[in-house]
Novice: 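Before anything else, here's the structure in question.
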There are 2 protein chains.
Amino acid sequence: MKIDDAAARLEALGNRTRLQIYRALVRAGRSGMPVGRLQDKLKIPASTLSHHIKSLVAVGLVNQVREATTLICHANYDSMQGLVDFLVSECCADEAECKNAKTAA
Amino acid sequence: MKIDDAAARLEALGNRTRLQIYRALVRAGRSGMPVGRLQDKLKIPASTLSHHIKSLVAVGLVNQVREATTLICHANYDSMQGLVDFLVSECCADEAECKNAKTAA
DNA sequence: CCCATAATTCCAATATTCTAGAAATACAGT
DNA sequence: ACTGTATTTCTAGAATATTGGAATTATGGG
């Protein structure tokens with residue numbers, strides 16, 4: 001993963017509201033959750049919510065599937081996993097020891 | 001971890017420059033890296049660099065130890081691990097199946 | 001105490017993000 | 001086509017972040 005992609009994903013998650021959205025979707029699992037339900041759950045205006053969801057979709061952390069008039073949102077696990085891998089990779093690349101952190105990755 | 005702490009850490013990493021700083025420190029491993037060397041490496045003005053480092057320290061992702069006139073910066077692995085754990089935790093909490101993502105955590 | 005090096009803080013300009021109401025669009029049922 | 005529900009886009013003001021030069025502080029050597 002390129003550093004700009006990683007930064008974009010981290011930035012997307014680095015906002016309380018968007019992180020709440022993302023967590024709700026992670027909790028919802030494979031079945032996902034419609035935009036409307038997110039709105040009920042998080043109590044934020046539709047337009048605000050829509051903007052935040054758009055950010056998450058733009059960086060690939062969230063996918064959407066239309067089902068009639070409702071849009072179902074899904075957390076994209078692969079995208080998150082790629083980000084996590086990026087974060088823990090190259091640990092101590094410029095150093096010798098450091099076994100702990102390597103196993104943590 | 002509280003969601004606000006997680007969001008703060010993600011926001012700190014969600015900026016190209018700060019992510020570059022953090023990665024350089026991760027690569028440097030236990031020995032860390034002085035602020036001045038980061039400046040040489042990343043070619044950014046001292047004040048800008050200092051601001052960014054301060055953000056990373058504020059959220060606990062980076063620690064600093066003074067050694068004479070130079071300040072050595074270290075990536076805090078525990079802090080990062082806590083963040084990663086937070087991100088992959090509670091996957092599918094509201095659903096039944098979903099084994100893949102669980103094992104990924 | 002004075003100097004040099006390392007790094008931070010002060011300050012201000014610029015840029016970006018966040019928020020949300022209002023208007024517009026998407027879709028399905030009748 | 002008309003209506004209602006779901007959601008997005010338009011728009012713009014307020015808030016926050018980013019940047020970097022200049023001044024300041026921190027530390028140790030002579």
Side-chain angles (χ1 to χ4, degrees), chain A residues 3-25 28 31-76, chain B residues 3-25 28 31-76:
Chain A
I3 194 167
D4 289 305
D5 293 336
R9 287 185 196 176
L10 289 162
E11 183 183 29
L13 292 173
N15 168 278
R16 190 195 150 86
T17 303
R18 282 193 299 270
L19 188 53
Q20 283 179 319
I21 293 168
Y22 184 77
R23 292 218 96 203
L25 295 179
S31 49
M33 191 178 287
V35 173
R37 197 133 94 75
L38 280 167
Q39 196 186 339
D40 291 345
K41 223 175 155 73
L42 304 178
K43 313 286 188 200
I44 44 183
S47 67
T48 303
L49 176 63
S50 186
H51 283 308
H52 284 310
I53 292 176
K54 190 157 74 163
S55 307
L56 290 166
V57 171
V59 300
L61 282 164
V62 168
N63 300 328
Q64 289 180 310
V65 177
R66 182 169 279 283
E67 208 155 289
T69 59
T70 77
L71 255 184
I72 316 271
C73 304
H74 301 265
N76 182 331
Chain B
I3 193 165
D4 288 305
D5 293 335
R9 286 185 197 175
L10 289 162
E11 182 184 28
L13 292 174
N15 168 279
R16 190 195 151 84
T17 303
R18 282 193 299 271
L19 188 53
Q20 283 180 319
I21 293 168
Y22 184 77
R23 292 220 97 200
L25 295 178
S31 50
M33 192 180 286
V35 173
R37 197 133 92 78
L38 280 168
Q39 194 185 342
D40 290 345
K41 225 176 155 71
L42 304 178
K43 312 288 187 197
I44 45 184
S47 68
T48 302
L49 176 63
S50 187
H51 286 308
H52 284 309
I53 292 176
K54 189 158 73 166
S55 307
L56 290 166
V57 171
V59 299
L61 282 165
V62 167
N63 300 328
Q64 290 181 310
V65 178
R66 183 170 278 283
E67 209 155 287
T69 58
T70 78
L71 256 184
I72 316 270
C73 304
H74 300 265
N76 182 331

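The sequence lines fix the lettering, A, B, ..., with proteins before strands; numbering per chain opens at 1.
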Novice: Starting at OH of B:Tyr22, measure out to CG of B:Asn76 and round the result to the nearest 0.5 Å.
Specialist: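 One gets 7.5 Å once the value is rounded to the nearest 0.5 Å.
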
Novice: Could you say whether B:Val35 or A:Pro45 is positioned toward the 5' end of DNA chain C, judged by the nucleotide with the nearest heavy atom to each?
Specialist: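 Result: B:Val35.
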
Novice: Is there a side-chain polar atom (N or O) of A:His51 under 4.0 Å from OP1 or OP2 of D:dC10?
Specialist: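 No, no such contact exists.
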
Novice: Is there a side-chain contact between B:His52 and the phosphate of D:dA17, meaning an N or O under 4.0 Å from OP1 or OP2?
Specialist: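 Answer is no, no contact under 4.0 Å.
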
Novice: In the structure I gave you, are the side-chain heavy atoms of A:His51 and A:Thr48 within less than 4.5 Å of one another anywhere?
Specialist: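 No, every pair of side-chain atoms sits at 4.5 Å or beyond.
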
Novice: Check whether any side-chain nitrogen or oxygen of A:Thr48 sits under 4.0 Å from OP1 or OP2 of C:dA20, and answer yes or no.
Specialist: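 It does, given that an N or O in the side chain of A:Thr48 lies less than 4.0 Å from OP1 or OP2 of C:dA20.
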
Novice: Kindly state which residues belonging to residues 4-25 of chain B come within less than 4.0 angstrom of DNA chain C, counting heavy atoms of the residue only, listed by number.
Specialist: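 Within residues 4-25 of chain B, no residue comes under 4.0 Å of DNA chain C.
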
Novice: Hey, are the side chains of A:Arg37 and A:Thr70 touching, using non-hydrogen atoms and a 4.5 Å cut-off?
Specialist: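 Side chain of A:Arg37 against side chain of A:Thr70, heavy atoms only: no contact under 4.5 Å found.
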
Novice: Look only at the side chain of B:Arg66 and the backbone of B:Leu71, and say whether a donor-acceptor pair between them is shorter than 3.5 Å.
Specialist: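 No, the answer is negative, given that no donor and acceptor are paired below the 3.5 Å cut-off.
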
Novice: Report the C-alpha distance between A:Asp4 and B:Arg16 in whole Å, list the side-chain angles of each, state the deciding distance to 0.1 Å, and finish with yes or no for side chain to side chain contact (heavy atoms under 4.5 Å, CB included).
Specialist: CA-CA 6 Å; A:Asp4 289 305; B:Arg16 190 195 151 84; 2.8 Å; yes

Novice: So, do B:Arg23 and A:Ile3 sit near enough that their side-chain heavy atoms are less than 4.5 Å apart?
Specialist: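 Side chain of B:Arg23 against side chain of A:Ile3, heavy atoms only: contact under 4.5 Å found.
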
Novice: Could you check which residues of residues 60-75 of chain A get a heavy atom under 4.0 Å from DNA chain C? Sort them by number, please.
Specialist: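 Under 4.0 Å from DNA chain C: A:Arg66, A:Ala68, A:Thr69.
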
Novice: Find the distance B:Gln39:CD to D:dG21:P and express it as a whole number of Å.
Specialist: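 The distance from CD of B:Gln39 to P of D:dG21 comes to 11 Å, rounded to the nearest Å.
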
Novice: So A:Leu38 and A:Ile53, side chain to side chain contact (heavy atoms under 4.5 Å, CB included) or not? Walk me through it.
Specialist: CA-CA 10 Å; A:Leu38 280 167; A:Ile53 292 176; 4.1 Å; yes

Novice: Could you state the atom-to-atom distance from NZ of B:Lys43 to P of D:dT19 in whole Å?
Specialist: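 After rounding, the gap between these two atoms is 18 Å.
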
Novice: Tell me whether the OP1 or OP2 atom of D:dT9 has a side-chain N or O from A:Lys54 closer than 4.0 Å.
Specialist: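 Checking D:dT9 against A:Lys54, a side-chain N or O does come within under 4.0 Å of OP1 or OP2.
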
Novice: Starting at CG of B:Leu49 and ending at P of D:dT19, how long is that distance when rounded to a whole Å?
Specialist: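 It works out to 11 Å between those atoms.
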
Novice: How far does CG of A:Leu49 sit from CD of A:Gln20, to the nearest 0.5 angstrom?
Specialist: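 If I round to the nearest 0.5 Å, the distance is 11.0 Å.
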
Novice: Whole Å only: how far is the CD1 atom of A:Ile44 from the C1' atom of D:dT7?
Specialist: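 It works out to 13 Å between those atoms.
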
Novice: Give me the bend of the helix from C:dC1-D:dG30 to C:dT30-D:dA1, using the axes of the five pairs at each end, rounded to 10°.
Specialist: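 It comes to 20° between the two terminal axes.
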
Novice: In the structure I gave you, are the side-chain heavy atoms of A:Val59 and A:Asp5 within less than 4.5 Å of one another anywhere?
Specialist: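 A side-chain contact under 4.5 Å is absent here.
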
Novice: Take atom CG of A:Leu56 and atom P of C:dC18, then tell me their distance rounded to the nearest Å.
Specialist: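 Value for this atom pair: 11 Å.
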
Novice: A:Gln64 vs A:Val57, test: side chain to side chain contact (heavy atoms under 4.5 Å, CB included). Steps then yes/no.
Specialist: CA-CA 8 Å; A:Gln64 289 180 310; A:Val57 171; 3.8 Å; yes

Novice: Measure the distance from CG on B:Leu38 to C1' on C:dT8 and round it to the nearest whole Å.
Specialist: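 The answer, rounded to whole Å, is 15 Å.
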
Novice: Could you walk me through whether A:Ile72 and A:Met33 pass side chain to side chain contact (heavy atoms under 4.5 Å, CB included), step by step?
Specialist: CA-CA 5 Å; A:Ile72 316 271; A:Met33 191 178 287; 5.8 Å; no

